[in-house]
Amino acid sequence: MTTALPSLALALLCLLRAGAQVSVQPDLDTEKFAGAWYVTAIASNCSIFLKMKDGMKSSMAIISFMPEGDLAMKLVLPLMDKCQKFELLFQQSGQAGHYRGAQEKRDVRVMETDYSCYAVLHEAHHSEGESSMALQLLTREQDVSPQLLQKFMELIPTMGLTEDMLTILPKSDQCTRDIRRVWPGKAVTPFQHGLD
Ligand SMILES: *[C@@H]1O[C@H](CO)[C@@H](O)[C@H](O)[C@H]1NC(C)=O
């Protein structure tokens, strides 16, 4: 017991440090990051997510930035044979790539991206009932390479999550095909990645 205690304390310190040190893509180029992304994999310890994850399908996020750097995200996801849309606004928090939800206590970071293929988002959510965190793999194409998936899976334990909290979302055209109907007109101008 006496030897176990120091290592437990160390382990806890590591966790705290891991929580505090989520990296952000240096000098995030918001113009290159904007546009349409597929949400292809999610790992989260959110209890609602864990209950629903096996029924989820790939969704699409359209990201744009306000002149002052705030991030606007439009999400469209297939839920019960319908396309549900959500619009979320995040305020820039300190540096480009780090955002806070306006109403909810939600903290979003663009951990890394190569702009043209993938991005990893880190999301922490604090509510009275529970705190949870999530990692999301966003990709420009709906097909994701095994190498990229492998890279994402290696990130999961480093963020204190486990592989059973991961879901790789099955491909779905259900909503992406109809995206112009869901958001007609100007709202979809950030499309720059061949999704016409
Ligand atoms: C999820 O993980 C984070 C970070 O490890 C932790 O702070 C939080 O309490 C966890 N939430 C649940 C519901 O397990």
For residues [X] and [Y], determine if any side-chain heavy atom of one lies less than 4.5 Å from a side-chain heavy atom of the other.
X      : Y      : result
Thr167 : Phe49  : yes
Met133 : His125 : no
Lys74  : Lys85  : no
Met60  : Leu75  : no
Met56  : Ile42  : yes
Leu71  : Met73  : yes

Among all residues two or more places apart in sequence or in another chain, which pass the side chain to side chain donor-acceptor pair (under 3.5 Å) test with Glu68?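 For Glu68, no residue satisfies side chain to side chain donor-acceptor pair (under 3.5 Å) once neighbours in sequence are set aside.
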Set of residues satisfying side chain to side chain donor-acceptor pair (under 3.5 Å) with respect to Asp54, sequence neighbours excluded: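 By the side chain to side chain donor-acceptor pair (under 3.5 Å) rule, Asp54 matches no residue at all.
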Judged by atom type as modelled, is there a donor-acceptor pair below 3.5 Å linking the side chain of Gln142 to the main-chain atoms of Ser172?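 A pair under 3.5 Å: yes.
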Counting N and O atoms only, with roles assigned by atom type, does the side chain of Arg106 sit under 3.5 Å from a partner on the main chain of Ala124, one being a donor and the other an acceptor?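 Absent.
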Could you walk me through whether Phe86 and Gln84 pass the side chain to side chain contact (heavy atoms under 4.5 Å, CB included) check? CA-CA 7 Å; Phe86 301 91; Gln84 303 286 340; 3.9 Å; yes
Can you tell me how far [atom2] of [Y] sits from [atom1] of [X], rounded to the nearest 0.5 angstrom?
X      : Y      : atom1 : atom2 : answer
Phe152 : Leu166 : CZ    : CG    : 6.5 Å
Lys53  : Ile48  : NZ    : CD1   : 15.0 Å
Thr113 : Leu138 : OG1   : CG    : 8.0 Å
Ile156 : Ser44  : CD1   : OG    : 10.5 Å
Gln150 : Leu155 : CD    : CG    : 11.5 Å
Leu137 : Thr40  : CG    : OG1   : 4.0 Å

How close do [X] and [Y] get, counting heavy atoms only, and between which atoms?
X      : Y      : answer
Tyr115 : Phe33  : CD2-N, 3.6 Å
Leu77  : Ser59  : CB-CB, 3.4 Å
Arg140 : Ser116 : CG-O, 3.1 Å
Ala96  : Thr30  : CB-CG2, 4.4 Å
Leu149 : Val144 : CD1-CG2, 4.2 Å
Glu112 : Gln25  : CA-OE1, 3.2 Å

May I ask you to decide whether Lys171 forms a salt bridge with Glu141, counting only side-chain N to carboxylate O separations under 4.0 Å?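 Here Lys171 does not pair with Glu141 in a salt bridge, since their nearest N and O are not under 4.0 Å apart.
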Counting only heavy atoms from other residues, nucleotides and ligands, does the tally under 6.0 Å from CE of Met66 exceed 12?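 Yes.
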Asp27 atom CG: more than 12 heavy-atom contacts under 6.0 Å: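 Not more than 12 within 6.0 Å, no.
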Taking side chain to side chain contact (heavy atoms under 4.5 Å, CB included) as the criterion, tell me which of Arg109, Gln91, Gln92, Glu123 meets it with Tyr99.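 Of the listed residues Arg109, Gln91, Gln92, Glu123, the side chain to side chain contact (heavy atoms under 4.5 Å, CB included) partner of Tyr99 is Gln92.
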Which of these, Val24, Leu135, Leu121, sits in a side chain to side chain contact (heavy atoms under 4.5 Å, CB included) with Met111?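 Exactly one pass, corresponding to Leu135.
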Among side-chain atoms of Ser47 and Glu130, is any donor-acceptor pair under 3.5 angstrom?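 On atom types as modelled, these side chains qualify, holding a pair under 3.5 Å.
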Are Asp107 and His98 close enough that a side-chain donor and a side-chain acceptor fall under 3.5 Å?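 Side-chain D/A pair, Asp107 to His98: present.
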